[in-house]
Amino acid sequence: MSSTHHDIKGLISALLVPFTAEGKINEKGLRQIVRHNLDKMQVDGLYVGGSTGENFMLDTASKKEIFAIVKDEAGDKGALIAQIGSPNLYEAIELGQYATGLGYQAISAVTPFYYKFSFEEVKQYYFDIVAAVDNRMIVYSIPFLTGMDIGLSQFGELFANPKIVGVKFTAADFYLLERLRSAYPDHLIYSGFDEMLLPALVNRVDGAIGSTYNVNGIRARQIIDLAAAGNYAEALKMQQESNNLIADILANGLYPTLKQLLVLCGCDSGPFLSRKPMASATPAQIARAREIYARYF
């Protein structure tokens with residue numbers, strides 16, 4: 001593992017955000033989810049404003065509101081990473097400056113999407129953000145959603161900027177992951193696929209950022225600890241159990257099911273809806289979430 005940036009390593013939940021029927025942030029519920037993650041799941045930090053937070057359906061003011069609520073509730077307990085990326089560079093800079101002012105320890109930005117940006121355009125986007133924001137940047141690489149693949153030499157071009165300190169690696173390319181770890185031992189690499197945590201740990205990632213850690217943080221921590229001790233047989237058993245849970249969640253609808261599981265875990269200041277056009281849990285999904293909760297928790 002790399003030797004720097006210890007304060008933002010480890011197990012990090014990609015934070016879920018509950019919404020009202022009107023699409024407003026359910027502040028009380030959001031505060032409960034923050035506390036649940038830090039106190040019960042005992043994660044090392046929170047990744048705020050990512051895909052899991054339904055971020056790309058929100059206006060700038062709502063994104064700022066979420067950053068502020070989370071910082072107020074979390075205080076200094078745990079690392080806070082603000083995902084500020086957007087196809088709108090100027091919004092990304094504004095959000096980066098805002099979150100940095102609140103005290104977030106790092107910012108992160110998804111590669112700009114929708115338009116087929118060239119790598120040179122993507123690189124300039126990151127350089128423009130870090131030139132305007134006095135904080136560390138973690139690249140958020142999620143090719144299956146953005147269509148943007150970044151190769152080893154291209155990561156090298158990004159990492160040449162001293163403010164770009166690592167990557168949230170949400171891809172199944174373990175050859176590239178191994179090459180990245182080997183080439184850049186002092187940069188942070190986070191596993192972004194919860195169902196592939198163990199093989200990522202074998203490749204010496206510095207941490208993991210994922211949505212299921214909101215409810216499955218305890219098992220994820222056990223996988224990390226078992227792998228660190230070299231007990232891969234037990235770690236694999238725990239990964240298999242986690243993956244059974246993840247498969248059941250995915251089959252029932254990822255975000256609606258995770259929100260219902262949070263309610264069953266005691267985060268009960270509803271409603272815990274998704275933001276339209278994303279659908280919220282149906283009665284059948286709620287019933288299935290109860291079965292999943294009974295089986296795994």
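This structure is a prediction, so every number in the text was calculated from the model and none was measured.
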Is there a donor-acceptor pair under 3.5 Å between the side chain of [X] and the backbone N or O of [Y]?
| X | Y | value |
| --- | --- | --- |
| Arg181 | His187 | yes |
| Ser191 | Leu197 | no |
| Asn252 | Gln285 | yes |
| Arg35 | Glu73 | yes |
| Asp206 | Ile189 | yes |
| Gln154 | Gly151 | yes |
| Tyr296 | Asn244 | yes |
| Tyr125 | Ser86 | yes |
| Gln260 | Ala289 | no |
| Thr100 | Gly96 | yes |

Heavy-atom pair with the smallest gap, counting every atom of [X] and [Y]:
| X | Y | result |
| --- | --- | --- |
| Ala208 | Tyr190 | N-CD2, 4.1 Å |
| Ala132 | Gln97 | O-NE2, 3.0 Å |
| Ala109 | Ile129 | CB-CD1, 4.2 Å |

Step-by-step salt bridge (Lys or Arg N to Asp or Glu O under 4.0 Å) determination, Asp268 to Lys28: CA-CA 9 Å; Asp268 55 0; Lys28 192 172 181 184; over 6 Å; no
Strictly below 4.0 Å, N to O, side chains only: are [X] and [Y] in salt-bridge contact?
| X | Y | answer |
| --- | --- | --- |
| Lys63 | Glu91 | yes |
| Asp128 | Lys123 | no |
| Asp44 | Arg221 | yes |

Among the clusters formed by ILVMFWY side chains lying less than 4.5 Å apart, do [X] and [Y] turn up in the same one?
| X | Y | result |
| --- | --- | --- |
| Val122 | Leu89 | yes |
| Met137 | Phe127 | yes |
| Leu273 | Val215 | no |
| Leu245 | Leu254 | yes |
| Leu198 | Tyr175 | no |

Straight-line distance of [X] [atom1] to [Y] [atom2], nearest 0.5 Å:
| X | Y | atom1 | atom2 | result |
| --- | --- | --- | --- | --- |
| Thr52 | Leu258 | OG1 | CG | 8.0 Å |
| Ile246 | Thr212 | CD1 | OG1 | 4.0 Å |
| Ile164 | Glu157 | CD1 | CD | 11.0 Å |
| Lys40 | Cys267 | NZ | SG | 6.5 Å |

Worked check of side-chain hydrogen bond (donor to acceptor under 3.5 Å, both in side chains) between Ser51 and Tyr140: CA-CA 10 Å; Ser51 315; Tyr140 180 11; 2.9 Å; yes
[X] and [Y]: side chain donor to acceptor below 3.5 Å:
| X | Y | result |
| --- | --- | --- |
| Ser108 | Gln83 | no |
| Thr111 | Tyr126 | no |
| Thr20 | Glu22 | yes |
| Asn216 | Asp194 | no |

Is the terminal nitrogen or CZ of [X] (NZ for Lys, CZ for Arg) located under 6.0 angstrom from the six-membered ring centre of [Y] and within 45° of that ring's axis?
| X | Y | value |
| --- | --- | --- |
| Lys64 | Tyr98 | yes |
| Lys24 | Phe19 | no |
| Lys259 | Phe272 | no |
| Arg290 | Phe297 | no |

Evaluation steps, side chain to side chain contact (heavy atoms under 4.5 Å, CB included), between Met278 and Glu54: CA-CA 9 Å; Met278 192 175 282; Glu54 302 172 41; 3.9 Å; yes
CA sep, side-chain torsions, deciding dist, call: Met41, Asn214, side chain to side chain contact (heavy atoms under 4.5 Å, CB included): CA-CA 7 Å; Met41 294 296 98; Asn214 283 268; over 6 Å; no
is_close_aromatic(Phe67, Tyr104), centroid dist under 6.0 Å: yes
Residue pair Leu80, Ile8: steps toward the side chain to side chain contact (heavy atoms under 4.5 Å, CB included) verdict: CA-CA 8 Å; Leu80 294 180; Ile8 51 173; over 6 Å; no
Considering only heavy atoms from C-beta outward, does the side chain of [X] approach that of [Y] to under 4.5 Å?
| X | Y | result |
| --- | --- | --- |
| Met196 | Gln239 | no |
| Ile81 | Val48 | no |
| Pro256 | Ser280 | no |
| Ile25 | Ile66 | yes |

Side chain to side chain contact (heavy atoms under 4.5 Å, CB included) assessment of Tyr115 paired with Glu121: CA-CA 11 Å; Tyr115 298 103; Glu121 289 172 320; over 6 Å; no
Whether over 12 other heavy atoms sit under 6.0 Å from Asp134 CG: no
Whether over 12 other heavy atoms sit under 6.0 Å from Asp39 CG: yes
Working for salt bridge (Lys or Arg N to Asp or Glu O under 4.0 Å), residues Glu241 and Lys237: CA-CA 6 Å; Glu241 188 175 337; Lys237 284 183 187 174; over 6 Å; no
Intermediate values then yes/no, ring-ring contact (aromatic ring centres under 6.0 Å, His included), Phe113 and Phe56: CA-CA 11 Å; Phe113 52 88; Phe56 305 113; 5.3 Å; yes
